[in-house]
Student: 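What follows is a structure written as structure tokens; I'll ask about it next.
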Amino acid sequence: MHEALEALRQEITQTPIDSEAAAEAFRIRFLGQRSGQLTHLFKRLRELPPEERPLLGGQLNALKRLAEQRLEEARLRLRPTPTGSAEIPDLTLPGRRMFTGSLHPLTQTLEAIVRVFEQLGFAVVEGPEIEDDWHNFSALNFPPDHPARDMQDTFFLHQGASYAEAVVLRTHTSPVQIRVMERMQPPIRIIAPGRVYRNEAVSYKSFCLFHQVEGLYVDQNVSMGDLKQTLHLFAQALFGKDVRMRFRPSYFPFTEPSAEVDIWWPLPDHPEGGRWMEILGCGMVHPNVFRAVGIDPERYTGYAFGMGVERIAMLRYGIDDIRLFYENDVRFLEQF
Ligand code: 2NL
């Protein structure tokens, strides 16, 4: 027994424990409840004469403690040490800047436009991007042979036997306003922001989709003067108090009279110090549009306007190619 204990002591001290797996093998080999060598010897104690038991029992317990200590030491040694936890951080280093995204320049511009009209009392309305001929064209006084009704200019989802059966991707957000006028009587004061589609040759100045904000104000005694003052307040809010503005006569099927609005855009390098830039189209709502939606054109008048969000964003930020808005190149986007 004595030699057996001494041999075991040697084994316990000399068995290398250099991994988690080795530690577990060590535990099973010496301390395992079923076949551990120490457990085995403890069982054999009972076979000895009673007077020898205390001495050998004490020695066995000492060996058991030795095995347990080696195991504990190995586990502490093998435990993965949390890296750097003991190092004192350099508190004088500048902080790392958190990466934050930003809103797309078109979203920022659209929201800036919408905010101005909300402050002027306009309600924001949205509607479907797939429209029927009535809401996109006919109710807006487009003649049956208007070029916008051509495959060349509009994306058709369904053509039908006659133009009136067409289903299209909306070419402007006017149909949203038609839908509002069909449902309610004046006073109506709304803006309709959203995405629109036109089948154009893609280039730096036109894309197959873009964004619009249209506005509509219908009540008794709404005048062209109201329109000019409202649009002037809008231009001041977006381009500054000193903005210069001019109205040029124009034509749209759905307004009469119609105008296009320019603002003076100062350019230091330009021989004339700047140039007039078109920012929107507008006019007094055509009586045929009122008739189409069931509003009495003898009783009510109204103005309407429409602007391209891309156009205004390009002016605002000095962007020279409309396609940049849709490429989602981070090197472009992170500048806003
Ligand atoms: C432009 C010009 C315009 C309108 C849009 C409109 C809507 C209804 C009735 C009458 Cl429901 N008019 N909208 C009027 C004039 C101009 O847009 O250059 N858009 C990008």
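Side chains are part of it too, since the values below use all heavy atoms of this structure and drop only hydrogens, waters and symmetry mates. In each ligand, atom 1 is the first atom listed, and ligand 1 is the first ligand listed.
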Student: Record the part of Met181 in heavy-atom contact with ligand 1 below 4.0 Å; permitted values are side chain, backbone, both and neither.
Tutor: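 Met181 to ligand 1: side-chain contact only, backbone stays beyond 4.0 Å.
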Student: Tell me whether Gln10 at atom CD has more than 12 heavy atoms from other residues, nucleotides or ligands lying less than 6.0 Å away.
Tutor: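 Yes, enclosed.
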Student: Should one rank Ser250, Gly306, Ala139, Ala259 by closest heavy-atom distance to atom 2 (C) of ligand 1, which comes out on top?
Tutor: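 Nearest option to atom 2 (C) of ligand 1, by heavy atoms: Gly306.
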Student: By number and element, which atoms of ligand 1 are closer than 4.0 Å to a non-hydrogen atom of Gln212?
Tutor: 19 (N), 20 (C)
Student: Looking only at heavy atoms, is any part of Ser258 under 4.0 Å from ligand 1, and if so is it the side chain, the backbone, or both, or is it neither?
Tutor: neither
Student: Output the list of atoms in ligand 1 that are nearer than 4.0 Å to some heavy atom of Ser174, sorted by atom number.
Tutor: 7 (C), 11 (Cl), 13 (N)
Student: Counting heavy atoms only, name the option from Glu214, Glu278, Arg179 that's nearest to atom 5 (C) of ligand 1.
Tutor: Glu214
Student: Can you check which of Leu140, Ile190, Val289, Val285 brings a heavy atom nearest to atom 8 (C) of ligand 1?
Tutor: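 Looking at heavy atoms only, Leu140 sits closest to atom 8 (C) of ligand 1.
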Student: If we ignore angles and hydrogens, is there a donor and acceptor under 3.5 Å between the side chains of Ser138 and Arg149?
Tutor: yes
Student: For atom 6 (C) of ligand 1, what is the nearest protein heavy atom, given as residue, atom name and distance?
Tutor: Ala304 CB, 3.4 Å
Student: Evaluating non-hydrogen atoms only, which member of Phe210, Phe252, Phe254 is closest to atom 14 (C) of ligand 1?
Tutor: Phe254
Student: Does this structure show an ion pair linking Arg179 with Glu182, if we count only N-O contacts that are shorter than 4.0 Å?
Tutor: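 Salt bridge between Arg179 and Glu182, a charged N being under 4.0 Å from a carboxylate O: no.
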Student: Could you tell me whether Arg323 and Glu327 make a salt bridge, using a distance below 4.0 angstrom between a side-chain N and a carboxylate O?
Tutor: no
Student: Is it true that Arg115 and Glu118 have a side-chain N and a carboxylate O under 4.0 angstrom from each other?
Tutor: no
Student: For Thr301 and Val222, work out which heavy atoms get closest and say how close.
Tutor: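 Closest approach of Thr301 to Val222: OG1-O, 2.7 Å.
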Student: When the aromatic ring centroids of Trp276 and Trp264 are compared, is their separation below 6.0 Å?
Tutor: yes
